[in-house]
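Convention: sequence-line order gives letters A, B, ...; per-chain numbering from 1.
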There are 2 protein chains.
Amino acid sequence: MTAPRLLDVAAAAGVSRATASRVLAGTQRNVDPELARRVEEAARHLGYRTNHSARALRTGTTGTIGVVVPSLANPYFVQLADALAQQVRAAGGQLVVSDAANDTAVEAEQIETLLGGRVDGLLVVPVSAGASGPAVRAAAQRTPVVLFDRWATGSGTVAVTLDNTAAMRLLLDHLEGLGRHRIALVAADQASSSGAERLAAFTGARGADATTVLLPSFTTDAGRTAGRRIAERHAGIDAVVCGADVLAVGLVSTLQRSAIPVPGRIAVTGFDDTEMLELLDPPITSIRHPLTAMAERALTLLQSPARERSERVERFAPQLVVRSSTDANA
Amino acid sequence: MTAPRLLDVAAAAGVSRATASRVLAGTQRNVDPELARRVEEAARHLGYRTNHSARALRTGTTGTIGVVVPSLANPYFVQLADALAQQVRAAGGQLVVSDAANDTAVEAEQIETLLGGRVDGLLVVPVSAGASGPAVRAAAQRTPVVLFDRWATGSGTVAVTLDNTAAMRLLLDHLEGLGRHRIALVAADQASSSGAERLAAFTGARGADATTVLLPSFTTDAGRTAGRRIAERHAGIDAVVCGADVLAVGLVSTLQRSAIPVPGRIAVTGFDDTEMLELLDPPITSIRHPLTAMAERALTLLQSPARERSERVERFAPQLVVRSSTDANA
DNA sequence: CTGAAAGCGCTAACAA
DNA sequence: TTGTTAGCGCTTTCAG
């Protein structure tokens, strides 16, 4: 029942631990093919697995990347984690995902846990643009850290994000092109860089007195609240831009129950292009993040020398995905 | 930039490594409070983090539990992983989640990776009742393994699952109580124990010639296919039981686009009670798994002596959650 | 109550 | 090309 060690494999193959290691770790070519065969055979026969802790301790590397996301309850972050996992696995590594429960204290704790040689690098989608900074900065002194999808001030490291301003432009141009000019924004979570940037981009384009409904969090419930508020107080609105898909889902459902047709009377757009959008009736127009390219870039930065991770924001171009929630015939 | 070690802390506090360890690992009470204070102060001052690999190598334990789920694209498994993570964290541990991409080969690979001292125990939601067995059995010889939510034959270990037969009873009784008697089942993934059990329970209750639509996988797309098939070929049906929420979502959306009112003409039920159900119009009646209790039980079994994990299936009672998709007024 | 020393399983100099 | 050996950072007997 006790797990076989490298020593057992070496003994079974009649070689030294060093040779067995060279074969099994694939670290050196210079091994007699016959011996290599015997080692591999012995390993298979004994059901040998390299002890991960021992290897990590010896080599100082774990083959594992960690990512801390604000909340897995938001399907967008599940998609994001998946894109990352894909990339990491393709490079022969492993991704471990932590959930910060939308709380900077939990976030700091999760980052702490991942430190201490558990990971070779850390990706963080910071909960807050302000409050997440210190924990990230502290981590960045111990291990390579790259921010993903959101930035945080004082983080001391680079962020790979979406160009939210360009995304907002895409949405507004699209809606205006359909003749919708009385546009409201439903925004949430101003504490996050994405929430703040989307709001800023909207008021920047439409003027500071444009209609905005501000909500605390990126949840469907918040979307419903927004729906109620718009149905009651903003009769003149003919389009609503939501700062996240989950908001749009709650909003559309509430509008429809209030007998306000979408897109008939109000066109609605989401943000993040999560998969669920296609299933709704109507499917919702949204913004797609180039997650694969962003993941690739983030992982490259993680492996680059520290000086290439100086604090700054890299922005990727968004893509508009048009669906029925902004159909023209209305 | 090089991380501080226990030795550095000990030196800074003016004690031996042993004492510093006793304080920081919290493993022994018998340390002079003054020395303990000095050690903690030094650790904080230096930003010391225990090296996880070294501790794991020395103690033979990692504080980490692994779980392999069939696919995180299915929101039910995200919820399930979350319930598990909650429990594990409450016990001071960490959960790492792996995605098997609905493929037994990937599943076996993921299980392999987690072996080799990476985890103290392994939870598996097996992709297939037949094909997943061998990989699980092999793993169970190396580390404690408990199956979760699904079982696999020849696994050699215990499974903590839902009582799918009771769940089907609940659904059918509910629908029949509403006067719906021409009930069809939309089932998927017969290779999984849950898929197979739900189908068997349905035909057991309604007869082998009851209407069933069988699909390959638990996806919304499959649900849409089912919707089309029912709209075209099964005019007499007045209720549809879906073997998973994702199926119900696709089904309802397709029925509605075919101008078949839900629940007006066809009542629909889901299975798994994922959060998205409340957002749809109409919200969908479903079966709730007692995930917290199941998670608790699974973790207890993981820590029990091996003989308590003998191959068998433990079943937990389901709960019916009624929503508008099975409203009576129709 | 504290310290000295051994050793978890592995890899990588270094020597042969 | 192969083996010997040291040691990664930590915890834990065992003495004191």
Side-chain angles (χ1 to χ4, degrees), chain A residues 1-40 42-43 46-64 113 115-120 142-143, chain B residues 1-40 42-43 46-64 113 115-120 142-143:
Chain A
M1 184 61 199
T2 160
R5 295 151 304 156
L6 187 60
L7 184 66
D8 304 319
V9 174
V15 300
S16 70
R17 261 153 58 226
T19 299
S21 171
R22 286 190 266 259
V23 174
L24 266 10
T27 185
Q28 207 143 343
R29 276 264 72 66
N30 309 339
V31 177
D32 186 299
E34 163 60 10
L35 290 193
R37 199 196 53 68
R38 268 171 30 207
V39 169
E40 283 179 343
L46 295 174
Y48 172 77
R49 298 290 115 219
T50 302
N51 182 311
H52 179 255
S53 302
R55 174 178 285 175
L57 179 59
R58 178 64 231 233
T59 62
T61 186
T62 63
T64 303
T113 305
L115 261 31
R118 268 177 207 264
V119 295
D120 294 341
R142 310 276 273 91
T143 196
Chain B
M1 181 62 198
T2 161
R5 294 151 305 155
L6 187 59
L7 184 66
D8 304 319
V9 175
V15 300
S16 70
R17 261 154 57 228
T19 299
S21 171
R22 284 192 267 259
V23 174
L24 264 12
T27 186
Q28 206 145 344
R29 275 264 73 64
N30 308 340
V31 177
D32 185 298
E34 163 59 13
L35 291 193
R37 200 195 53 68
R38 263 161 44 198
V39 168
E40 284 180 341
L46 296 173
Y48 173 76
R49 294 295 114 214
T50 303
N51 181 311
H52 180 255
S53 302
R55 173 178 285 176
L57 179 58
R58 177 64 232 238
T59 63
T61 187
T62 63
T64 303
T113 305
L115 261 32
R118 264 176 209 265
V119 294
D120 295 340
R142 310 272 277 93
T143 196

With the sugar-phosphate defined as primed atoms, P, OP1 and OP2, and the base as all remaining atoms, what B/S/- string results for nucleotides 9-16 of chain C, 5' to 3', for protein heavy atoms under 4.0 Å?
BBBBB---

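- Partners of R49(B) by side-chain contact (heavy atoms from CB on, under 4.5 Å), not counting sequence neighbours, listed by chain and number: E112(A), L115(A), R142(A).
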Give the intermediate values and the outcome of side-chain contact (heavy atoms from CB on, under 4.5 Å) for residues L35(B) and V23(B).
CA-CA 9 Å; L35(B) 291 193; V23(B) 174; over 6 Å; no

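- Computed from coordinates, the H52(A) NE2 to dC8(C) C1' distance equals 16 Å when rounded to whole Å.
- The side-chain contact (heavy atoms from CB on, under 4.5 Å) search around A13(A) returns V15(A), R38(A), V39(A), A42(A), not counting sequence neighbours.
- Dashed line: the shortest gap from a side-chain N or O of S16(A) to OP1 or OP2 of dT4(D) is not under 4.0 Å.
- For S21(B) (side chain) and R17(B) (main-chain N/O), no donor-acceptor pair under 3.5 Å exists by modelled atom type.
- Formation of a donor-acceptor pair under 3.5 Å by the R118(A) side chain with backbone atoms of T113(A) is found in this model.
- Direction change of the helix axis from one end of the helix from dC1(C)-dG16(D) to dA16(C)-dT1(D) to the other is 40°, with five pairs defining each end axis (rounded to 10°).
- For R5(B), the salt bridge (Lys or Arg N to Asp or Glu O under 4.0 Å) test picks out D8(B), with sequence neighbours left out.
- S16(A) is linked by a side-chain hydrogen bond (donor to acceptor under 3.5 Å, both in side chains) to T19(A), counting only residues two or more places apart in sequence or in another chain.
- Going from atom CG of N30(A) over to atom P of dT1(D) covers 4 Å, rounded to whole Å.
- Scored by the side-chain contact (heavy atoms from CB on, under 4.5 Å) test, T62(A) finds H52(A), A56(A), T64(A), D120(A) as partners (sequence neighbours excluded).
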